[in-house]
Structures are given as C-alpha cells and as structure tokens.
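Worksheet for the structure shown next.
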Amino acid sequence: MKRIVSGMRPTGKLHLGNYEGALKNWVKLQDSYECFYFVADWHALTSDYADTSQINANIMAMATDWLAAGLDPQKSVIFVQSLVPEHAELHIYFSAVTPLGWLERVPTYKEQRENITDKDLGNYAFLGYPVLQAADICMYKAHFVPVGQDQVAHVELTREIVRRFNNFYGDVFPEPDALLTETPKLVGLDGRKMSKSYNNTIELGDGPDVIREKVRQMITDRTRIRKADPGHPEDCDVCKMHRLYVAADVADKYDDDCRNARIGCVERKRALADALSEYLAPITERLQYYRAHQDEVRDILLAGTERARAEAGRILGEVRRAMKIAWY
Ligand code: TRP
C-alpha cells in the first residue's frame with residue numbers, strides 16, 4: 001500500500017468546512033492507503049510562539065474531532081508531531097540542503113509576512129515552516145499528501161528538497177505528490193467562506209437545535225422579499241447548501257417549488273437544518289462519546305506516537321547511513 005502523510009495545526013474544535021474540505025477525505029483514504037495523520041503543534045509554534053496557552057487544549061479538541069469524524073486508530077497512525085523528535089532531526093538535515101532563496105520565494109511566506117501585522121513573523125522558524133513540513137512528509141517516505149490548494153506550494157518545495165537531498169546522498173526519499181481535495185469552499189452563515197475567524201461556522205458538535213437556530217440566520221435570495229415572489233435558488237446560499245446534503249431529485253423538487261413560489265425560504269431552511277442534523281448525527285454522537293472519554297483520546301494519540309516513532313527511527317537510521325554521518 002502506498003503511504004499518505006498529512007497534518008493540521010491545532011486550531012481547536014473543527015467545523016463543517018474543515019470536515020468537507022479535508023477530514024472527510026482523510027477518513028476515506030484510510031481504506032486505500034497506509035495513512036499517518038498528525039497534529040502539527042510545532043507548526044503552530046512558528047507563528048504563535050508568544051502565547052502558547054491554548055495549544056494543549058487545542059490538540060485534544062482537534063484529535064477528539066478527528067476520531068468523531070471517523071479517523072480510525074486501527075487503520076491509521078494518529079499522533080502528535082512534538083512527541084516524535086525524529087521530525088526535528090530530519091528537519092536539521094533538510095535545512096542544510098535548502099537554499100534560503102527557495103524559502104523566501106514561497107508564496108504563502110511572502111503573503112503572510114505582508115498581511116499579518118498582529119504578530120512578529122521575522123523569526124527563523126516561520127521562514128523554515130515548509131522545511132519542517134518537508135521533514136514531516138519524508139519522515140515516513142510518503143507518496144501522497146492530501147492537502148488544500150493553499151498547501152500545494154509547500155508540497156512542491158518538498159519535492160525540490162527531496163531532489164536535492166537524493167542528489168547529494170543517493171535515492172532515499174520518493175518525491176511526494178499533493179492529493180488535491182477538490183471540494184467547493186463551503187459558505188458560512190454570513191455568505192463568506194466558512195471560517196473560524198469569521199465566526200460563521202457550523203461545528204461538528206452542533207446538535208439539531210443549534211443547527212436550526214444557525215441556519216435560520218442564513219441569507220437567502222436577496223431579491224425575494226415576499227413568499228409570493230418567485231425565488232432564484234441558484235443565488236441562494238440555503239438552497240445551494242441544501243443540495244449538497246440531499247439527493248439531486250429532492251433538491252430539484254425544492255428548487256422548482258421555490259422558483260414557482262410554492263414554498264418560502266423558511267421551509268427551505270427547515271429542510272436544510274433537518275438534512276444537516278441527519279448528516280452530522282453519527283459524528284455528533286461519537287463526539288459526545290470521545291468528549292466524555294478524553295483519556296481514551298489521549299491513549300490513542302500516545303499509542304499512535306509510539307508506532308510513528310518506530311517507523312521514523314528506522315528511516316532516520318537509513319538517512320544517517322546515506323549521509324555517511326553514522327560514524328558509530
Ligand atoms: N502546513 C499545513 C497546514 O497549515 C499543516 C502541515 C504541517 C502539514 N505538516 C504537514 C500538512 C505535512 C501536510 C503534510 O495546513
């Protein structure tokens with residue numbers, strides 16, 4: 001089986017957009033690949049070094065959501081980056097062969113240096129962010145890296161580091177490919193992209209009551225003032241989202257009723273809320289279980305970490321021998 005590696009920075013609780021955009025795909029990939037999924041807490045430190053107070057709680061909250069979403073410790077290795085110090089050692093070797101110019105040219109680096117003003121990102125670790133990511137990926141000789149569009153440049157840089165490393169020391173690492181998750185960006189409650197920083201999310205743990213209340217606030221077709229006005233489901237966030245969670249013929253029927261003013265927006269919202277609640281029910285149920293059994297979550301992470309370390313240690317041995325720095 002080919003190998004997959006992916007990670008997420010510990011941002012805390014995940015929302016429906018995180019699930020549709022990444023997690024759902026991770027769950028599916030477990031059946032066709034040998035998967036290594038980890039919490040990238042060192043990556044959080046590259047920018048959030050000044051205030052570390054949330055990191056530990058965020059690691060647990062995110063791992064809890066992963067398990068609720070269906071990541072399965074029987075199938076995948078699920079672990080915490082900072083508990084596998086082997087990543088740091090490989091990062092050192094990769095740092096040695098990575099020209100500074102490559103890092104300064106990474107688009108996400110330039111963009112964030114310009115746009116983020118509330119923290120000082122002139123630190124060494126922030127520039128090295130993609131080198132650490134390359135070490136994460138190569139630590140397990142991954143063939144594929146499931147990521148969103150925003151991370152493609154990092155996987156591309158990983159390939160360049162691998163080429164340069166292999167050139168110096170022989171063929172140690174495969175060149176990994178990004179596995180693009182092509183899901184449409186989920187809109188949030190306010191019509192912008194669903195994002196924690198916009199405070200417009202549906203969370204994985206929202207039960208039917210919360211979902212109904214949140215969906216009630218969503219914006220529908222702005223040109224439809226009265227129920228008797230014909231609606232335009234193609235311009236309506238509620239209608240479009242509803243289509244994602246019901247069968248096509250059901251959505252078609254609702255669209256038709258909306259265009260002909262046979263149903264109002266309130267009814268469509270109720271239908272969306274019902275569909276979402278049903279869709280999320282198994283996740284919410286597992287979430288309740290794991291929130292009540294945090295020790296189990298912790299044990300799963302520790303057991304996964306042990307498996308990761310065994311593999312990482314083996315590969316590091318190979319790396320040191322290839323580099324001829326294993327003098328002992
Ligand atoms: N940089 C990724 C993100 O922000 C997280 C990450 C760290 C990662 N290491 C990784 C993703 C290795 C894939 C593989 O989303």
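What you see is a predicted model; the values in this text were computed from it and never measured. Whatever order the structure lists them in is the order used to number ligands and atoms, beginning at 1.
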Q. Is there any side chain to side chain donor-acceptor pair (under 3.5 Å) pair reaching into residues 116-129, and which pairs are they, with sequence neighbours excluded?
A. R9-Y129, D48-K119
Q | Salt-bridge criterion met for R259 and E234 (N-O under 4.0 Å) | A | yes
Go ahead and list the nitrogen or oxygen contacts between ligand 1 and the protein that come in under 3.5 Å, distances to 0.1 Å, or just say none.
unit_1	atom_1	unit_2	atom_2	d
ligand 1	1 (N)	Y129	OH	2.7
ligand 1	1 (N)	Q133	OE1	3.0
ligand 1	1 (N)	Q151	OE1	2.9
ligand 1	4 (O)	R9	NE	3.1
ligand 1	4 (O)	R9	NH2	3.1
ligand 1	4 (O)	Y129	OH	3.0
ligand 1	4 (O)	Q151	NE2	3.4
ligand 1	9 (N)	D136	OD2	2.7

Q: For the residue pair H242 and Y254, categorise the inter-ring angle as parallel (less than 30°), tilted (30 to 60°) or perpendicular (more than 60°).
A: perpendicular
Q.
Looking at N199, I'd like to know if its CG atom is crowded, meaning that more than 12 non-hydrogen atoms belonging to other residues, nucleotides or ligands lie closer than 6.0 Å.
A. no
(Q) If you apply the rule ring-ring contact (aromatic ring centres under 6.0 Å, His included), what do you find for F173 with Y93, and how did you get there? (A) CA-CA 13 Å; F173 298 111; Y93 303 144; 10.0 Å; no
Q. Q133 and H154: side-chain donor and acceptor closer than 3.5 Å?
A. yes
